[in-house]
Amino acid sequence: MQRTKVKELLTGAEEGKEVLLKGWVRTKRGNKFVNFIAVNDGSTIQNLQVVADAEKFGDEALKDVTTGAAVSITGQLVASQGKGQAFEIVANTIEVVGKADPETYPLQKKAHSLEFLREIAHLRFRTNTFGAVFRVRNTLAFAVHKFFNEKGFVYMHTPIITASDAEGAGEMFHVTNFDLDNLPRTEDGKINYEEDFFGKATNLTVSGQLEGELAAMAFSDIYTFGPTFRAENSNTARHLAEFWMIEPEMAFYDLKMNADLAEEFIKYIIRYALEHNREDIEFLGQRLVEEDKAKPQNERQEMTLLEKLEFVVNNNFERVTYTEAVDILMNSPAYKKKKFQYDVSWGIDLQSEHERYLVEKHFKKPVIVTDYPKDIKAFYMRLNDDGKTVAAMDILAPGIGEIVGGSQREERMELLVERMKGVGIEEEDLWWYLDTRRFGGCPHAGFGLGFERMVQFVTGMGNIRDVIPFPRTPGNAEF
């Protein structure tokens with residue numbers, strides 16, 4: 001007999017038939033007449049109740065049916081006699097496939113803190129919260145590919161090992177096969193990377209953008225979706241050392257077209273998650289409501305998770321220039337009453353508190369900020385006519401601040417070379433990148449969306465470590 005997943009069984013598609021269910025025990029309760037076993041297989045947040053007659057299954061037969069145990073059950077799918085579920089299984093056979101010692105199994109009926117669950121990330125998938133989070137993550141990932149595929153984009157795999165630093169920040173993980181206790185040195189005492197595996201110093205990528213631009217000069221519209229790495233020693237709820245980025249690049253696009261596509265993209269994948277994971281999102285939303293009850297009134301969310309997501313997909317994003325955003329901040333009650341931790345002036349890189357003020361207090365909707373000062377943005381962004389700003393854009397979302405960063409790229413060879421010199425990048429280091437300006441260059445644009453931040457936004461999770469299966473952070477590479 002082929003097994004049927006809980007999600008399908010709960011629709012009643014197999015009612016009256018003998019079915020095979022395999023999964024993990026969430027709870028078991030009973031009396032001298034009957035036992036009720038709640039089984040979940042990860043296909044849905046809902047458990048399926050299995051009814052085991054006490055005469056047929058004595059205490060000895062069910063002694064290993066404990067929380068966490070893996071079971072294989074056959075029985076009739078029938079309409080439920082009790083409340084809380086539409087269908088249940090009346091068991092014919094129950095086999096314990098894998099035992100879980102109730103004395104040592106760390107997941108019990110009580111609520112566990114998110115901090116504790118991070119310590120047992122290999123088991124946290126079995127909880128309702130993380131089951132919901134990672135089903136939503138799965139749906140969002142599928143929606144990313146669906147969106148770009150429907151628009152005729154080419155999915156491009158860019159390298160994970162690279163010799164370039166796309167962001168110019170220098171916070172990169174080195175890749176080497178050297179014996180670190182016996183490093184080869186040059187005559188002046190520096191590490192001789194010519195003897196390394198690749199013949200030069202290499203790192204884990206911080207972005208697939210530069211390589212993505214190369215592909216866009218042939219396919220017009222491409223996107224990447226892969227892991228990126230940042231060796232930033234930041235132990236906060238917003239940072240990971242390993243995370244996933246979605247980076248489309250489009251030939252013949254300007255900044256406005258870039259922003260339009262990014263807004264359409266965000267709305268599409270959120271809408272897709274609402275359509276396919278509404279039950280999970282409702283559960284996560286209720287979790288936030290319960291969390292809010294412990295907070296002071298002024299710190300509680302104005303909208304439920306569902307309301308926030310539906311508000312985003314049903315409203316146009318606000319668009320302002322960086323200069324306008326700074327003016328709004330400097331004229332805000334929060335600035336005048338010195339409530340910002342960081343100062344505000346033209347030329348600063350907006351902090352999360354500034355971004356969230358614009359989104360949550362001033363506009364009360366997602367905001368696209370454009371035309372940032374060139375000195376706080378990357379070398380590849382197109383210089384505006386004023387000579388002070390670049391054609392950059394950030395999309396700011398409620399709750400987390402920046403969720404997308406993008407720009408029109410500098411296609412003018414001489415200006416690009418000048419910007420590279422300004423940040424200390426030698427022409428020979430990016431000769432291949434400059435070739436795209438030498439040979440058939442054109443105006444083009446692109447953006448990057450941090451996938452974990454998008455998952456955070458859709459699930460309402462407050463810590464980015466709770467939306468990636470195995471978080472990599474300073475001092476932590478467990479599992």
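Quick note: numbers below take in every heavy atom, side chains included, and nothing from hydrogens, waters or symmetry partners. Treat the numbers as computed from the prediction; the structure is a model and nothing was measured.
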Could you walk me through whether Glu282 and Arg278 pass salt bridge (charged side-chain N to carboxylate O under 4.0 Å, His left out), step by step?
-> CA-CA 6 Å; Glu282 285 175 347; Arg278 196 171 190 89; 3.7 Å; yes
Intermediate values then yes/no, side-chain contact (heavy atoms from CB on, under 4.5 Å), Val289 and Gln301 = CA-CA 8 Å; Val289 169; Gln301 302 289 328; over 6 Å; no
Under the salt bridge (charged side-chain N to carboxylate O under 4.0 Å, His left out) criterion, do Glu279 and Arg135 qualify, and how do the steps go?
-> CA-CA 11 Å; Glu279 205 171 39; Arg135 276 189 297 271; over 6 Å; no
Can Arg438 and Thr436 be said to form a side chain to side chain donor-acceptor pair (under 3.5 Å), step by step?
-> CA-CA 6 Å; Arg438 289 189 184 99; Thr436 59; over 6 Å; no
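For the pair Ile161 and Phe198, the minimum side-chain heavy-atom distance is below 4.5 Å. In this structure, Arg238 and Gln456 have side chains that are not in contact, with every pair of non-hydrogen atoms separated by 4.5 Å or more. The shortest distance between side-chain heavy atoms of Val71 and Lys22 does not fall below 4.5 Å. Counting heavy atoms from C-beta outward, Pro227 and Ile160 have side chains that approach closer than 4.5 Å. Tyr372 has its side chain within reach of Asp394: a pair of non-hydrogen atoms, C-beta onward, lies under 4.5 Å apart. In this structure, Arg137 and Ile468 have side chains that are in contact, with non-hydrogen atoms separated by less than 4.5 Å. Side-chain contact between Tyr268 and Lys146 is present, with at least one heavy-atom pair separated by less than 4.5 Å. Inter-residue side-chain proximity for Arg382 and Arg409 is flagged as unmet; no heavy-atom pair is nearer than 4.5 Å.
Inspection of the Glu290 and Gln286 side chains reveals an N or O donor paired with an N or O acceptor under 3.5 Å. For the residue pair Ser207 / Glu247, a side-chain donor-acceptor distance below 3.5 Å is found, with atom types taken as modelled. Judged purely by distance below 3.5 Å, without hydrogens or angles, the side chains of Tyr380 and Gln209 pair a donor atom with an acceptor atom. Residues Asp179 and Asn182 bring no donor and acceptor atom of their side chains to less than 3.5 Å of each other. Defined by atom type and a distance below 3.5 Å, a donor-acceptor pair is present between the side-chain atoms of His444 and Glu213. Using modelled atom types and a 3.5 Å distance limit, the side chains of Thr176 and Asp196 yield a donor-acceptor pair. A donor-acceptor contact under 3.5 angstrom links the side chains of Asn128 and Arg26, judged on distance only.
Aromatic ring orientation, Tyr357 versus Phe340: perpendicular (interplanar angle above 60°, classes split at 30° and 60°). Between Tyr433 and Phe379, the ring planes are perpendicular. Angles over 60° get that label, and only those under 30° would be called parallel. Classified by interplanar angle (parallel below 30°, tilted 30° to 60°, perpendicular above 60°), the ring pair Phe125/Phe134 is perpendicular. Ring planes of Phe265 and Phe147: tilted class, angle from 30 to 60°. Ring geometry for Trp244 versus Phe225: interplanar angle over 60°, hence perpendicular rather than tilted (30 to 60°).
No more than 12 heavy-atom neighbours from other residues, nucleotides or ligands sit within 6.0 angstrom of OH on Tyr342. The environment of Asp385 atom CG is sparse: at most 12 non-hydrogen atoms of other residues, nucleotides or ligands sit within 6.0 angstrom. Around the CD atom of Glu194, the shell of radius 6.0 Å holds no more than 12 heavy atoms that belong to other residues, nucleotides or ligands. Counting heavy atoms of neighbouring residues, nucleotides and ligands inside a 6.0 Å radius, atom CD of Glu324 exceeds 12 of them. Heavy-atom neighbours of Lys295 NZ from other residues, nucleotides or ligands within 6.0 Å: above the threshold of 12. In the displayed structure, Asn233 atom CG is contacted under 6.0 Å by at most 12 heavy atoms of other residues, nucleotides or ligands. Other residues, nucleotides and ligands place no more than 12 heavy atoms under 6.0 Å from the CZ atom of Phe252.
Checked by atom type and distance alone, the side chain of Asp386 pairs as donor or acceptor with a backbone atom of Thr389 at under 3.5 Å. Although no hydrogens or angles enter the test, the distance criterion places no donor-acceptor pair under 3.5 Å between the side chain of Asn258 and the main chain of Asp254. Remark: the backbone N or O of Thr44 is paired with a side-chain donor or acceptor of Asn40 at under 3.5 angstrom. Checked by atom type and distance alone, the side chain of Gln408 never pairs as donor or acceptor with a backbone atom of Pro443 at under 3.5 Å. Side-chain atoms of Glu410 come within 3.5 Å of backbone atoms of Leu383 as a donor-acceptor pair (strictly under, hydrogens ignored). A donor-acceptor pair under 3.5 Å is formed between the side chain of His276 and the backbone N or O of Tyr272. Between the side chain of Asn384 and the main chain of Asp371, no donor-acceptor pair closer than 3.5 Å is present. The backbone N or O of Ser43 sits less than 3.5 Å from a side-chain atom of Asp41, completing a donor-acceptor pair. Without hydrogens or angle criteria, Asp221 side chain to Met250 main chain gives no donor-acceptor distance under 3.5 Å. Of the possible donor and acceptor atoms, none in the side chain of His354 sits under 3.5 Å from a partner among the backbone N and O of Ser352.
Put simply, the residue from Thr205, Thr228, Leu449, Thr224 that forms a side chain to side chain contact (heavy atoms under 4.5 Å, CB included) with Met245 is Thr228.
Nearest heavy-atom pair, His112 versus Leu107, reported as atom, atom and distance to 0.1 Å: NE2-CA, 3.7 Å. Here the closest heavy-atom approach between residue Leu140 and residue Phe451 is recorded as CB-CE1, 3.8 Å. In terms of heavy atoms, Arg472 sits closest to Ala477 at NH1-C, 3.5 Å. Of all non-hydrogen atoms in Leu329 and Tyr335, the two that sit nearest each other are O-CB, 3.0 Å. In terms of heavy-atom proximity, Ala325 sits nearest to Val369 at CB-CG1, 4.4 Å. What you find for Val467 and Val133 is that their closest heavy atoms are CA-CG1, 4.0 Å.
For the pair Arg124 and Phe130, the cation-pi test (distance below 6.0 Å, angle within 45°) is passed. Taking the ring axis of Phe457 as reference, the NZ or CZ atom of Lys308 stays within 45° of it and closer than 6.0 Å to the ring centre.
In this structure, His145 has its ring center closer than 6.0 angstrom to the ring center of Tyr223.
To the nearest 0.5 Å, atoms CG (Asn177) and OG1 (Thr202) are separated by 9.0 Å. Within the model, atoms CD1 of Ile464 and NE2 of His239 stand 8.5 Å from one another, a figure rounded to the nearest 0.5 Å.
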